[in-house]
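Only this structure's heavy atoms are used, side chains among them; waters, hydrogens and symmetry mates stay out. Per chain, numbering begins at 1; letters A, B, ... match sequence-line order.
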Amino acid sequence: MEKFNLVIKKNKPKKREGLEELPGSHENIVMRFAPNPSGPLHIGHARAAVPNGEYVKKYGGKFILRIEDTDPKRVYPDAYDMIVEDLKWLGIEADEIYYQSDRFEIYYKYAEELIKKGSAYMCTCEGGEFKKLKDNCKPCPHRDQSVEENLKLWREFPDMEAGTAVLRIKTDINHKNPAIRDWVAFRIEDAEHPRLGNKYRIYPMMNFSVSVDDYLMGMTHVLRGKDHLANSEKQSYLYKHMDWDMPEFIHYGRLKMEDIPLSTSKAKEGIENGTYSSWTDPRLGTLRAIARRGIQSETIWNLMVEIGVKMSDSAISWKKIFGLNRNIIENKANRYFFVENPIEINVLDCPDKFKDFTLKKELHPDYPDRGFRKLKFNGSVYIPQEDYKDGHIRLMDLINVDVHGDEVKFNSESFEESKKLKAKIIQFVPTDGAVNAEVVMDDGSIKKGFCEPDCTNLNVGDIIQFERFGFCRLDELKEDLLIFYFAHK
RNA sequence: GCUCCGUUGGUGUAGUCCGGCCAAUCAUUCUGGCCUUUCGAGCCGGAGACUCGGGUUCGAAUCCCGAACGGAGCACCA
């Protein structure tokens, strides 16, 4: 028996971890990622793919990849495979994959059903003419055609000339947003489709195929950019006509990537005209380009989860990405020496001990258990031009030298002595055994120099840190040259 | 122009629905010191935000109205 009128304070929601809870039921959720195959995935796609993947993982559910290739003019055939590869890199393997180009007959079937219900009509208005009527809330003359007439025209549709007719879905001719009024569901398209050839001439519009598929595939939640806000409303009419339950639509804002204003089409253009080397050019925002630079998919994943699915726009900076990435790779990356813009020095007056000496250095200073790399020293090394200045220099972990004009002399050995001398501690590469190396920077420029011999034991894809230079990923292992891609400091 | 939408430090976020526990969270960034034979990491400290104006209220980042700024859509693309 409750004697006291306990006032239960409403629990403030706990600090949110990860993504916001999804609206609606969390049982057996079905979500999808539905890109247009116009190129490989870029960072903007990750903004859509990751939250879908994260939610499915969080609640347990089904992830569907649906390739939306219903515009033959915007299909880049290689993209079909690239998209799957890029998703895999992100850590997503779809439970089911669909190609909309396989599903035209399904769309036709529903189109006919809509016509029979009187919810769609064949419109042979000239485009500008229709717009004029629509903008004034006036139905076009075809809107009231009989079902029979519409079906007749629908059957003749494939034989009509491109641009002369469309199938429209009835909405509300008085809708306050003109964009919503009686939208197009099918059009005639003569372009050859990479997968279908010229099999069909009647192509569904995105709003139609998307709605039908989202329904048939049992989508419970649909994540999409806020540029689709009007489309969501257009689609709602189709759901009403068919008496289908609508998925939960969630819209997210635009993502602006610092220094990468490039769209897929611009990138493609740049590749074709030689401005960029390929889809993995470090200046591009494609996931494969980012991966090539040594940015971990986990970094992108975490970033996208942090940004979440809110409606306001976000601008992400490289600083943020680099910071997150550094946290992940710092303890994985073994350390090596790379000398950029090298200058050879011969240390005079070296004690005999250093005439033939092998320096063992930890692969990672915080993890000595990982083992060592070896640097053979016989008095002659490369150091960065930038560090060659009159004064005292300590070759890291080795010796202290004095630089005077052209002359470099042995000074002392101990680290304590270097402190007294206030010597600058620098990396170096022994002349004997130095390996040619190039580092491709994020602006596409190349820094040339030498790296230490043990780098040849690395595998392509390894992320390392060149001490005092930055984190890099080994991209190519050639006979006499190692090519790295620069990640960040 | 019309129709929508958004606005928390340099950047990204939490909190806004259900006003007080918010002199506002966390991350990144920048920064002072310590430490370290890397300009990496680590440790300790610091800087930095509720777009503006009204209103409601004992009390507003949170509710209401207006403005400014920003964004999206207005295709026979997706």
Side-chain angles (χ1 to χ4, degrees), chain A residues 9-17 20 34-38 68-75 100 123 125-127 130-131 134-135 162-168 175-181 183-189 202-203 205-207 209-210 224-231 233-234 251 253-256 258 264 302-308 310-327 329-331 333 335-337 361-362 364-367 394-398 400 414-416 418-419 423-427 465-471 488-489:
Chain A
K9 275 217 167 183
K10 196 167 291 181
N11 283 334
K12 276 266 183 182
K14 289 173 205 146
K15 170 101 176 84
R16 211 185 80 201
E17 194 65 39
E20 194 168 348
N36 165 248
S38 56
E68 308 211 322
D69 53 352
T70 51
D71 179 4
K73 293 192 288 280
R74 284 185 37 176
V75 173
Q100 289 194 313
C123 173
C125 286
E126 187 273 322
F130 181 85
K131 182 173 166 35
K134 178 191 78 172
D135 286 347
T164 55
V166 294
L167 180 76
R168 290 186 185 280
H175 196 286
K176 60 183 174 178
N177 183 353
I180 308 294
R181 299 172 198 158
W183 49 270
V184 176
F186 286 85
R187 86 283 194 179
I188 304 167
E189 179 60 70
I202 305 306
Y203 277 71
M205 298 298 290
M206 168 276 221
N207 276 314
S209 49
V210 162
R224 46 166 57 147
K226 67 178 184 184
D227 46 323
H228 286 297
L229 231 24
N231 290 322
E233 195 171 353
K234 286 185 188 181
H251 299 89
R254 252 178 56 143
L255 188 66
K256 274 173 287 185
E258 183 186 59
T264 299
N302 292 346
L303 179 67
M304 294 308 163
V305 169
E306 178 174 333
I307 289 171
K310 56 180 211 160
M311 192 92 93
S312 51
D313 300 343
S314 316
I316 55 182
S317 67
W318 284 109
K319 278 186 177 177
K320 177 81 180 178
I321 292 180
F322 293 162
L324 294 175
N325 198 58
R326 192 181 298 115
N327 291 339
I329 64 177
E330 204 286 326
N331 51 19
R335 270 54 172 171
Y336 291 94
F337 282 164
K361 212 169 146 34
E362 296 103 333
H364 194 302
D366 302 334
Y367 304 91
R394 176 164 181 79
L395 301 181
M396 203 184 292
D397 268 328
L398 192 67
N400 309 314
S414 77
F415 174 56
E416 288 66 34
S418 76
K419 278 185 177 164
K424 187 173 195 178
I425 300 167
I426 64 165
Q427 82 279 27
Q465 188 210 45
F466 281 136
E467 298 195 50
R468 297 183 70 235
F469 184 85
F471 293 92
H488 46 76
K489 267 282 184 196

*Given the C1' atoms of C5(B) and G10(B), what is the spacing between them in whole Å?*
25 Å
_If I pick the C1' atom on C44(B) and the same atom on C22(B), what distance separates them, to the nearest angstrom?_
26 Å
*Treat primed atoms plus P, OP1 and OP2 as sugar-phosphate and everything else as base, then score nucleotides 73-78 of chain B 5' to 3': B for base contact with protein heavy atoms under 4.0 Å, S for sugar-phosphate contact only, - for none.*
SSSBBB
*Which value, in whole Å, describes the distance between the P atoms of nucleotides G12(B) and U7(B)?*
12 Å
*NA contact type, K419(A), heavy-atom cut-off 4.0 Å: base, sugar-phosphate, or nothing?*
nothing
List, with names and distances, any nitrogen or oxygen atoms from the protein found under 3.5 Å away from nitrogen or oxygen atoms belonging to nucleotides 29-33 of chain B.
| unit_1 | atom_1 | unit_2 | atom_2 | d |
| --- | --- | --- | --- | --- |
| U29(B) | OP1 | R326(A) | NH1 | 3.2 |

*Measure distances between side-chain N and O atoms of E306(A) and base N and O atoms of G12(B), and say whether any donor-acceptor pair falls under 3.5 Å.*
yes
_Please report the distance separating the P of C50(B) from the corresponding atom of U8(B), rounded so that it comes out in whole Å._
11 Å
*Just wondering, do L167(A) and V184(A) contact through their side chains at under 4.5 Å, heavy atoms?*
no
*Say you pick atom P in U25(B) and the same atom in U51(B); how far apart are they, in whole Å?*
16 Å
_When the C1' atoms of G6(B) and C52(B) are compared, how many Å lie between them, rounded to an integer?_
16 Å
_Spacing of L255(A) atom CG and L303(A) atom CG [to the nearest 0.5 Å]_ = 7.5 Å
*Using a cut-off of 4.0 Å on non-hydrogen atoms, how would the nucleic acid contact of D313(A) be classed: base, sugar-phosphate, or nothing?*
sugar-phosphate
*Under 4.0 Å between any heavy atoms, over every strand shown, what does L324(A) touch: base, sugar-phosphate, or nothing? Just pick one.*
sugar-phosphate
*Mapping I316(A) and H364(A) to their closest nucleotides on RNA chain B, which lands nearer the 5' end?*
I316(A)
*Partner residues of D366(A) under the salt bridge (charged side-chain N to carboxylate O under 4.0 Å, His left out) criterion, sequence neighbours left out*: none
*When you compare A61(B) with A49(B), how far apart are their P atoms, in angstrom units rounded to a whole number?*
15 Å
*asked:* If I pick the P atom on U31(B) and the same atom on G48(B), what distance separates them, to the nearest angstrom?
replied: 16 Å
